[in-house]
Amino acid sequence: MLHKVENAASTAVSPAARVGIGGPVGSGKTALIEALIPELQRRGVDLAVVTNDLVTKEDAERLRRSGLIDPLRVSAVEAGACPHTVIREDPTLNIAAGDDLEARFPGVELILFESGGDNLASTFSLDLVDWWMFVIDVAGGDDIPRKKGPGLLRCDLLVVNKIDLAPYVGVDLERMLAEAERVRAGRSVIATNARSGTGIVAVADAILAAVLFRV
């Protein structure tokens, strides 16, 4: 009997780490995931994705068509209300989507949860995710860090995306990044251009170190 118990324990599968990706509409959350998928796969990470939209599955369909990941590994949640409702107030739908992916893909190590586009007050419930990032973009204005907001302040990692647009929208990128670091009291801030890949390795490094304990 003891031998059977030991065999069962040796084949037990650890639950997947769950990482949230939030931020305003158009900040580049889906593009960031598209850039992260091949980088994480290159490092041998077995992953899946859950997207959130208001009343569509558009972001999920975009990822399914991308050719970057098995379409069956992308699940979609329709919030039907303010996007933060299903990632913070009642994350039941997202928890169930993550559980379903783990049941269908027993080896999955990491599930990315993309929030629907929301405002600076958007945060993730820690009943849903182990760690989360918030994505803003320079085209939204360099005053975003000064406006603070719970999403920007409480996230584990702040991503400042679309840095290539700074010269075209009158943004002083160095000042914006310095203000972001100041209001976050030195907590992690990474500048990215998801389209070109700038900063993506650093974001992947942060995820792996925080939730998969790979340094």
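If you're wondering where the values come from, they're calculated on a predicted model, not measured in any experiment. By convention here, the first residue in the shown sequence is residue 1.
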J.: To check you understand the geometry: which heavy-atom pair defines the closest contact between L101 and V108, and what is its length?
T.: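 So the minimum-distance heavy-atom pair works out to O-CG1, 4.4 Å.
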
J.: Which distance, rounded to the nearest 0.5 Å, do you find between the CD of E34 and the CG of L68?
T.: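 These two atoms lie 6.5 Å from each other.
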
J.: Looking only at side-chain N and O atoms, does S27 offer a donor or acceptor that is under 3.5 Å from a partner on D137?
T.: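 Short answer, no.
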
J.: Give the cluster check for V183 versus L157: same hydrophobic cluster or not, with ILVMFWY residues linked at side-chain heavy-atom distances below 4.5 Å.
T.: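 Different clusters: V183 never reaches L157 through Ile, Leu, Val, Met, Phe, Trp or Tyr contacts under 4.5 Å.
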
J.: Which heavy atom in I136 sits nearest to a heavy atom in P24, and how many Å separate them?
T.: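 I136 and P24 have their closest heavy atoms at CG2-CD, 4.4 Å.
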
J.: For the pair D205 and R43, find out whether any cationic side-chain nitrogen is under 4.0 Å from an anionic carboxylate oxygen.
T.: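 Salt bridge: yes.
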
J.: How far apart are the C-alpha atoms of D70 and F105, what are their side-chain angles, what is the distance that settles it, and do they pass the side-chain contact (heavy atoms from CB on, under 4.5 Å) test?
T.: CA-CA 11 Å; D70 178 353; F105 300 98; 4.2 Å; yes

J.: Are R88 and L128 close enough, and set up right, to give a side-chain contact (heavy atoms from CB on, under 4.5 Å), and what steps lead you there?
T.: CA-CA 8 Å; R88 185 176 67 203; L128 172 61; over 6 Å; no

J.: Within a radius of less than 6.0 Å around CZ of R104, do more than 12 heavy atoms belonging to other residues, nucleotides or ligands occur?
T.: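 Count over threshold, so yes.
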
J.: Hey, what do you get for CE (M133) to CG (L112), rounding to the nearest 0.5 Å?
T.: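 With rounding to 0.5 Å, CE (M133) is 7.0 Å from CG (L112).
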
J.: Give a yes or no on whether the backbone of E114 and the side-chain of N52 come within a donor-acceptor separation of less than 3.5 Å.
T.: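 Yes, the answer is positive, given that a donor and an acceptor are paired below the 3.5 Å cut-off.
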
J.: Working to the nearest 0.5 angstrom, can you tell me the gap between L93 CG and I87 CD1?
T.: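 So the CG of L93 and the CD1 of I87 are separated by 12.5 Å.
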
J.: To the nearest 0.5 Å, what is the distance between CD1 (I69) and CD1 (I33)?
T.: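 Interatomic distance, I69 CD1 to I33 CD1, rounded to 0.5 Å: 9.5 Å.
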
J.: Please examine the side chains of L120 and F134, heavy atoms only from C-beta on, and report whether any two atoms are closer than 4.5 Å.
T.: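 With C-beta onward as the side chain, the pair touches.
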
J.: Are R184 and C155 close enough, and set up right, to give a side-chain contact (heavy atoms from CB on, under 4.5 Å), and what steps lead you there?
T.: CA-CA 9 Å; R184 284 176 53 76; C155 62; 3.2 Å; yes

J.: If only atom types and distance count, is the side chain of D59 paired as donor or acceptor with the main-chain N or O of T51 below 3.5 Å?
T.: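 Checking the backbone N and O of T51 against the side chain of D59, no donor-acceptor pair under 3.5 Å is found.
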
J.: What are the two closest non-hydrogen atoms of V129 and G20, and how far apart are they?
T.: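 Closest heavy-atom pair between V129 and G20: CG1-N, 3.6 Å.
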
J.: Taking side chain to side chain contact (heavy atoms under 4.5 Å, CB included) as the criterion, tell me which of V45, V19, I207 meets it with L212.
T.: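 Of the listed residues V45, V19, I207, the side chain to side chain contact (heavy atoms under 4.5 Å, CB included) partner of L212 is V45.
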
J.: Counting only heavy atoms from other residues, nucleotides and ligands, does the tally under 6.0 Å from CD of Q41 exceed 12?
T.: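 Buried by this count: over 12 neighbours within 6.0 Å.
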
J.: Which atom names give the shortest non-hydrogen contact between V77 and A97, and what distance separates them?
T.: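 Smallest heavy-atom distance, with atoms named: CG2-CB, 4.1 Å.
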
J.: Output the distance between atom CZ (R175) and atom CG (L177), rounded to the nearest 0.5 Å.
T.: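 It is 11.5 Å, given to the nearest 0.5 Å.
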
J.: Tell me, do D164 and V138 make a side-chain contact under 4.5 Å, heavy atoms counted?
T.: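 SC-SC contact between D164 and V138 ruled out.
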
J.: Could you state whether I190 and L152 fall into the same hydrophobic cluster, counting links through intermediate Ile, Leu, Val, Met, Phe, Trp or Tyr residues with side-chain heavy atoms under 4.5 angstrom apart?
T.: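 Hydrophobic grouping puts I190 apart from L152.
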
J.: Does some side-chain heavy atom of E102 sit less than 4.5 Å from a side-chain heavy atom of D100?
T.: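 No. Closest side-chain heavy atoms not under 4.5 Å.
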
J.: Any sub-3.5 Å donor-acceptor pair from R154's side-chain atoms to F124's backbone N or O?
T.: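 It does not hold such a pair.
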
J.: Which atoms form the tightest heavy-atom contact between A191 and I163, and what is the distance?
T.: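 Closest heavy-atom pair between A191 and I163: CB-CG2, 3.8 Å.
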
J.: Checking the side chain of E58 only, and the main-chain atoms of D53 only, is there a donor and an acceptor separated by less than 3.5 Å?
T.: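 Not confirmed, E58 side chain does not pair with D53 backbone.
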
J.: Where is the tightest heavy-atom contact between N94 and F113, given as atom of each residue plus distance?
T.: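 Smallest interatomic distance, heavy atoms only, reads O-CE2, 3.3 Å.
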
J.: Spell out, yes or no, whether L47 and V50 are grouped together once hydrophobic residues are joined by side-chain heavy atoms under 4.5 Å, including indirect joins.
T.: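 No, no single cluster joins them.
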
J.: Between R64 and E61, is there a side-chain N and carboxylate O pair less than 4.0 Å apart?
T.: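 Between E61 and R64 there is a salt bridge, with a charged N closer than 4.0 Å to a carboxylate O.
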
J.: State whether the side chain of R182 and the backbone N or O of R146 hold a donor-acceptor pair below 3.5 Å, judged by distance alone.
T.: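 No; judged by distance alone, with no hydrogens or angles, the pair does not exist.
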
J.: Flag the pair M176 / P145 as yes when at least one side-chain heavy-atom distance between them is below 4.5 Å, and no otherwise.
T.: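 Counting from C-beta outward, M176 and P145 do come under 4.5 Å.
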
J.: Using the rule that two of Ile, Leu, Val, Met, Phe, Trp, Tyr join whenever any of their side-chain heavy atoms come within less than 4.5 Å, decide whether V201 and I37 are in one cluster.
T.: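 V201 does not cluster with I37.
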
J.: Would D99 and R18 count as a salt bridge (Lys or Arg N to Asp or Glu O under 4.0 Å) if you check the C-alpha gap in whole Å, the side-chain angles of each, and the deciding distance to 0.1 Å?
T.: CA-CA 11 Å; D99 290 348; R18 301 188 178 195; 2.7 Å; yes

J.: Salt bridge check: are R73 and D46 linked by an N-O gap of less than 4.0 Å?
T.: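 Result for this pair is yes, salt bridge flagged.
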
J.: Taking the side chain from K29 and the backbone from G23, do they hold a donor-acceptor pair closer than 3.5 Å?
T.: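 Indeed, once roles are kept as given, a pair shorter than 3.5 Å links the two residues.
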
J.: Report the distance from atom CD1 of I21 to atom CH2 of W131, rounding to the nearest 0.5 Å.
T.: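 Between I21 CD1 and W131 CH2, I get 8.5 Å after rounding to 0.5 Å.
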
J.: Transitively linked via ILVMFWY side-chain contacts under 4.5 Å: L126 with V211?
T.: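 No; V211 is not reachable from L126 via cluster members.
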
J.: Exactly one of V203, L158, T192, L32 should register a side chain to side chain contact (heavy atoms under 4.5 Å, CB included) with V135. Which one does?
T.: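 Considering V203, L158, T192, L32, a side chain to side chain contact (heavy atoms under 4.5 Å, CB included) with V135 is found only for L32.
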
